[in-house]
Amino acid sequence: MKILITGGAGFIGSHIADACLNKGYEVVIIDNLTTGTRNNVHKNAVFYKADIRDTKRVARIFSKEKPDIVNHHAALASVTESVENPAETLEVNVVGTVNLLVAGVAHGLQKFIFSSTGGAIYGDIEHIPTPETVEAQPPSPYGLSKLLAERVIRYYGKEYSLPYVIFRYANVYGPRQNPHGEAGVIAIFAETMKQNKQPIIFGDGNKTRDYVYVEDIVDANMRALDCDKNILVNLGRGEEIKDQVVFDTIARALEYTQHPQYAPVRAGEMLRSALSTSAAHNELGWQPVTDFEDGIEKTIASY
Ligand code: NAD
């Protein structure tokens with residue numbers, strides 16, 4: 001069985017690639033290294049430095065590799081950057097997804113697994129933890145790009161009988177998360193504290209997110225390989241954690257004693273978020289096993 005992982009040089013995709021290789025799958029990776037790095041790529045994976053927007057290149061790779069499964073993690077994943085440059089985010093996250101689907105259908109693809117967002121798709125609503133049945137009203141071009149990509153995947157599911165699993169992730173964290181971007185608050189806070197600088201909390205510290213450890217996300221992706229239904233499910237822990245608690249937990253683990261700086265909430269950001277994950281439990285038997293404190297400890301130990 002051959003699995004093509006886009007974004008396999010990035011944070012989550014590289015962990016999934018490692019798990020697939022451990023399970024005996026052949027792994028092919030497409031990544032243009034925008035935020036990913038070659039160091040994250042397992043030596044036994046076949047690596048193509050390529051851009052998923054490049055229709056012809058993607059078609060050539062599929063024609064050569066003929067993957068059985070695509071696990072699609074390549075994306076521009078910053079809410080803030082998507083507000084500043086919506087066209088690029090939509091191009092990578094939507095047109096890039098279309099290119100993979102077209103090439104997949106042309107070359108006998110059997111399943112498409114997709115990393116959407118639950119943290120940036122529902123908008124500011126009262127229904128928390130949020131189930132998948134709530135209408136997505138993304139407040140940013142990033143969230144919108146993921147919703148559009150989901151719709152295209154479901155279209156291919158219906159019109160071309162391409163089986164799919166769509167995951168809407170909460171905030172994922174863990175080893176290898178890039179601390180230099182706009183997204184990934186845990187990696188950013190930890191890196192800033194290690195440099196003895198002051199992390200910035202956007203808002204008053206009461207903004208909430210649902211944090212899920214990367215190993216739990218990998219577990220769901222591995223379960224998706226055996227799933228024989230088309231599903232769209234949230235993956236999170238269903239627990240709202242305040243920015244201030246994130247700061248305090250990392251500070252404690254790193255014995256950091258300074259205070260954070262506070263700045264206004266950025267455009268496109270939601271104030272509260274936590275996901276209901278009973279559908280993932282029902283469909284895949286999945287549930288997260290790493291609690292927040294343990295996940296932070298494991299992440300920090302990996303530095
Ligand atoms: P990441 O930035 O580490 O990984 C994304 C990868 O995609 C990078 O390696 C990057 O180089 C690659 N990439 C970007 N544009 C590309 C292009 N045009 N062509 C080929 N490769 C390209 O981010 P991540 O946190 O690992 O996120 C992986 C996926 O999960 C993304 O689709 C993201 O939207 C989704 N997701 C992440 C989170 C989270 O909390 N980390 C939450 C919800 C959804």
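Whatever order the structure lists ligands and atoms in, that order sets their numbers, starting from 1.
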Cation-aromatic face contact R176/F11, 6.0 Å, 45 degrees: no

Nearest neighbour in protein (non-hydrogen) for atom 43 (C) of ligand 1: Y169 CB, 3.4 Å

Name every donor-acceptor pair, under 3.5 Å, that has one atom in a side chain of residues 296-303 and the other anywhere in the protein, sequence neighbours excluded.
| from | atom 1 | to | atom 2 | distance (Å) |
| --- | --- | --- | --- | --- |
| K298 | NZ | E215 | OE1 | 3.4 |
| T299 | OG1 | G295 | O | 2.6 |
| S302 | OG | T299 | O | 2.6 |

Check S116 against ligand 1 and report side chain, backbone, both or neither, counting heavy atoms closer than 4.0 Å. backbone

For atom 18 (N) of ligand 1, find the nearest protein heavy atom and state the residue, atom name and distance (0.1 Å precision). D51 OD1, 2.8 Å

Below 3.5 Å, N or O to N or O, backbone or side chain included: is there any such pair between V92 and ligand 1? no

When you measure from atom 11 (O) of ligand 1 to every protein heavy atom, which one gives the shortest distance, and what is it? D31 OD1, 2.6 Å

Atoms of ligand 1 under 4.0 Å from any heavy atom of T34, numbered from 1 in the order shown, are 11 (O), 14 (C), 15 (N)

For atom 22 (C) of ligand 1, find the nearest protein heavy atom and state the residue, atom name and distance (0.1 Å precision). N32 OD1, 3.0 Å

Quick one: does A77 get an N or O within less than 3.5 Å of an N or O on ligand 1? no

Side chain to side chain contact (heavy atoms under 4.5 Å, CB included) test vs E132 passes for just one of I166, T277, V233, namely V233

Nitrogen or oxygen of V172 less than 3.5 angstrom from that of ligand 1: yes

Is the shortest N/O to N/O distance between F11 and ligand 1 below 3.5 Å? yes

Under 4.0 Å from one or more heavy atoms of G7, ligand 1 contributes atoms 6 (C), 7 (O)

Given A75, G13, G143, G236, which one has a non-hydrogen atom that is nearest to atom 14 (C) of ligand 1? A75

Protein contact to atom 42 (C) of ligand 1 [nearest heavy atom, distance to 0.1 Å]: A170 O, 3.3 Å

Establish, from distance only, whether the side-chain atoms of Y142 and E81 form a donor-acceptor pair under 3.5 Å. no

Tell me, which protein residue and heavy-atom name are nearest atom 1 (P) of ligand 1, and how many Å apart are they? T35 OG1, 3.7 Å

Protein contact to atom 4 (O) of ligand 1 [nearest heavy atom, distance to 0.1 Å]: G10 CA, 3.8 Å

Evaluate the criterion side-chain hydrogen bond (donor to acceptor under 3.5 Å, both in side chains) for residue pair S273 and D210; output intermediate values, then yes/no. CA-CA 6 Å; S273 175; D210 183 1; over 6 Å; no

Purely on distance, is any nitrogen or oxygen of I12 under 3.5 Å from one on ligand 1? yes

Nitrogen or oxygen of S115 less than 3.5 angstrom from that of ligand 1: yes

Is it the case that the side chains of S115 and H72 hold a donor-acceptor pair, with the cut-off being a distance below 3.5 Å and no angle test? no

